[in-house]
Amino acid sequence: MTSPTMNLLLFAMLPYVALFVFFLGTIMRYRKAPFTYSSLSSQFLENNQHFWGLTALHYGIFAILMGHLMGLLIPRQVLLWNSRPLRLYVLEIFSLAFALMALVGFVGVIERRIRYPKARTVTTPADWIVESMLILQAAAGIYVAIFYPWGTSWYSTSAAPYLHSIFLFRPDISYLVTMPLIVKFHVVNGWLIVGFFPFTRLVHALVAPLPYLWRKPQLVRWYGIGILPVWPRRASGVRD
Amino acid sequence: MNVRSQVSMVFHLDKCIGCHTCSIACKNIWTDRKGTEYMWWNNVETKPGTGFPTRWEDQERYKGGWEKKNGDLELKSQNKSSALFNIFHNPNQPTLDDYYEPWTYDYQNLFNAPEGADQPTAKPISMVTGEYINVEAGPNWDDDLGGSPVYAQNDPNLESLTPQQREQLFATERLVFFYFPRICNHCLNPACVAACPSGALYKRGEDGIVLIDQKRCRGWRACVAACPYKKTYFNWSTGKSEKCILCFPRLETGQAPACFHSCVGRIRYLGVLLYDAARIEEVAKLPDDELIEGQRSLILDPFDPEVIAAARASGVHDSVIESAQKSPVYQFVKVWKLALPPHLEYRTFPMLFYVPPMSPVMASQDGGVIDHVSGDLFHDIEQSRVPVAYLAKLLGAGQENKVRYALRKQKAVRWYRRALTVGDVTMDVAKRMLAEADCSSDEAEAIYQLTSLCTFEDRFVIPPMHREEALQMMEDPLEHKANAGFGFVSAPHRGM
Ligand code: HEM
Ligand code: SF4
């Protein structure tokens, strides 16, 4: 993972391949096979252990993704916040707690799928692969957080610029080449998850039903008007 | 007035023989696919009994339907924000154990078993895991078990009975049960639609059929928890929810739904009701004891010129208005007031109505003479083996007088016909009963006709569904040449 060409491949090429596959894959899948977009819930078949894994996983991963996003969008403000040690400790401890929660959740859901035969019957190869990748991702992240402090700060100074350079199509991998191996692994595995995303159950995250918060309770569809579009919610399809 | 039309239904419980033909017809057409084996869009329950899923009427546990909170109407299972916070794990979702684990048998063993001392058996195999299972419950485990301590005595409706009434109900010589066939009620204020975070469920504007858009459903399964009748089901294989579609492809081609068509007892009636959609919310907030009248007031008179004009203005087709005028459901529900909605206190406004069953006649035998006339002509309704309080809990939103009215009228019609054809009751007595039951002899004759002598065409007055006006019909068929058709072009397989 250290030769210059390897670095270039993994940190400058892979991201674009992953992002390209992500966008093309999710859009094509939504258009060609909308039926396959589902949470693929297994609560119906196994409801004893379900709560613990599923809630821990989601609340944990939401907080962590939010943190990654904030470091990416407002790195200055994060650094400013961290300029006082106490605030730094608070942020670090909360981040670590949510990361552990996510890890426990991921391990919990996969253990549940191994343990209960009914949950196993609705588990596909893609599930095993992507959930293993997520476990590795969370574990690597936690390792970095513990052994390379203070991640919330140096993310803003070195990881964020790298990601900026990728999204602005001026890839600059100088920030990464000197990083420890485990950090590199976290980055590469992250891009692999992004690329694999369209072929897994993870697509359910893209159809999160937020519009429910503002839509009317009852929906009616009429022959001549047809199916109401997703956006805008109160389109001509709804005549109430 | 915002007039809409609704394909509505009446089930005449006095005629149901509990043969389950309806359930089989439905299963063979719609739910014999993987993941749907456990679903019974149509099922027949024995009452008193626990039903399917077990004790579905216990809303303290299942949290189905609406409730009034601070003057507002809210789903019992969720509000808007809790729906999203609990989306990862729905605290109110029933699981396979509340229904049953579907199974088949290892028939091969009957042919392939090696020679031995015992006859080979076909062991049950789970249709979920494919492994051998011990069958402990099935969809009709309580069939005909009136009086049984495991089933009948755990019926949630028994709460409405006094301890004496309960004891009477289960006394050996009085034991009684009746059948309660159920499908989706295609409600006016469906809890399932209101619960769906994705907006995948909807009511069809033209006929009121409630459907789940399979392409929009994301398997959040909120509808399963929200429907108080437990008539949406989660397909564990495809990860989508499914429900009774009232055989709309059959209706659109002028045929009765399969369960209606196959009904041996001819208990099922289908026809259009016109209703005022503008008042649903207002009526849904009425107190419990005004709900039945409230729902009746939503249903409009299809002969009233004002209603006809408003219906036309709201876009209801003339042919549908005409169909509403011939609707047997209108007669049973609004004119005769014989048919009542199940558990209206859930406030979804079911559009499937039930004619309450008469109990078996209780005659006291006196020296070989059967005595059925006492001073009070309707005494056996008050003392009927199925207590009126029980039927009122099931069909009257707790209002005994509504059930009593329907039972008295049915009895009066019977005696009137008996005076005419058998002659062991005098016409005087029959006329007096009719008068007391708020029924004219013309009305009695009409009830008799539609109850006993009804033909296929009398029972099913299917409106023209005007599918030709659907959006798909505006598309150029040539564009779809060599395709698999409109709509789905791929098989509905589970996602990756
Ligand atoms: C954006 C909003 C999201 C919503 C509304 C959501 C909702 C759900 C639901 C309802 C399930 C099915 C639970 C069940 O079995 O009953 C599920 C499963 C799952 N979700 Fe999410 N999710 C979201 C985002 C995410 C994200 C961002 C990830 C990870 C990167 C994720 C990873 C998973 C995984 C791995 C499972 C399967 C767990 C198992 O093995 O059962 N979800 N999600
Ligand atoms: S009975 Fe049918 S329409 Fe009514 S809430 Fe249940 S699924 Fe929805």
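Letters go in sequence order (proteins before strands), and every chain restarts at 1.
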Subject >> Shortest non-hydrogen separation from B/Arg494 to A/Val122 and the atoms involved >> reply: NH2-O, 2.9 Å
Original post:
Shortest non-hydrogen contact from B/Thr238 to B/Asn235?
Top reply: N-OD1, 2.9 Å
Original post:
Is the closest side-chain heavy-atom distance between A/Gln49 and A/Glu111 below 4.5 Å?
Top reply: yes
Original post:
At a heavy-atom separation under 4.5 Å, does B/Leu201 approach chain A through its side chain, its backbone, both, or neither?
Top reply: backbone
**OP:** Measure the shortest side-chain to side-chain distance between A/His68 and A/Leu163 over non-hydrogen atoms and say whether it is less than 4.5 angstrom.
**Re:** no
**OP:** Please flag which part of B/Ala222 lies under 4.5 Å from any non-hydrogen atom of chain A: side chain, backbone, both or neither.
**Re:** neither
Original post:
With under 30° as parallel and over 60° as perpendicular, where do the rings of B/Tyr99 and B/Tyr233 fit, or are they tilted in between?
Top reply: tilted
Original post:
Which bit of A/Arg29 is near chain B, if near means a heavy-atom gap under 4.5 Å: side chain, backbone, both or neither?
Top reply: side chain
Subject >> Among the listed options B/Pro91, B/Cys196, B/Ala191, B/Gly208, the residue most often paired with chain A at heavy-atom distances under 4.5 Å >> reply: B/Cys196
Original post:
Under the 3.5 angstrom rule, does the side chain of B/Arg216 hit a backbone N or O of B/Ser198 as a donor-acceptor pair?
Top reply: yes
Original post:
Side chains of B/Glu206 and A/Trp222: closer than 4.5 Å at any heavy-atom pair?
Top reply: yes
Subject >> Test item: A/Asn47 and B/Asp97 side chains (from C-beta on) under 4.5 Å apart, heavy atoms >> reply: no
Subject >> Heavy-atom pair count under 4.5 Å with chain A, highest-scoring of B/Ala278, B/Pro94, B/Pro190 >> reply: B/Pro190
Original post:
So what's closer than 4.5 Å to chain B heavy atoms on A/Thr200: side chain, backbone, both or neither?
Top reply: backbone
Original post:
Does B/Arg221 make a cation-pi contact with A/Phe44, if we ask for NZ or CZ under 6.0 Å from the ring centre and within 45° of the axis?
Top reply: no
Original post:
So what's closer than 4.5 Å to chain A heavy atoms on B/Asp98: side chain, backbone, both or neither?
Top reply: neither
Subject >> Name of the residue among B/Lys69, B/Lys68, B/Lys80, B/Arg347 meeting salt bridge (charged side-chain N to carboxylate O under 4.0 Å, His left out) with B/Glu74 >> reply: B/Lys69
**OP:** Report the option among A/Thr36, A/Thr124, A/Leu40 that has the most heavy-atom pairs separated by less than 4.5 Å from atoms of chain B.
**Re:** A/Leu40
Subject >> Heavy-atom pair count under 4.5 Å with chain A, highest-scoring of B/Ile87, B/Leu75, B/Leu84 >> reply: B/Leu84
Subject >> Close contacts, residues 129-140 of chain A versus chain B, judged by heavy atoms under 4.5 Å >> reply: none
Counting only pairs under 3.5 Å, give me each side-chain donor-acceptor contact of residues 52-67 of chain A, with atom names and distances, residues two or more places apart or in other chains.
unit_1: A/Thr55; atom_1: OG1; unit_2: A/Phe51; atom_2: O; d: 2.2
unit_1: A/His58; atom_1: ND1; unit_2: A/Leu54; atom_2: O; d: 2.9
unit_1: A/Tyr59; atom_1: OH; unit_2: B/Phe85; atom_2: O; d: 2.9

Subject >> Residue part contacting chain B, namely of A/Thr121, when any heavy atom lies under 4.5 Å >> reply: side chain
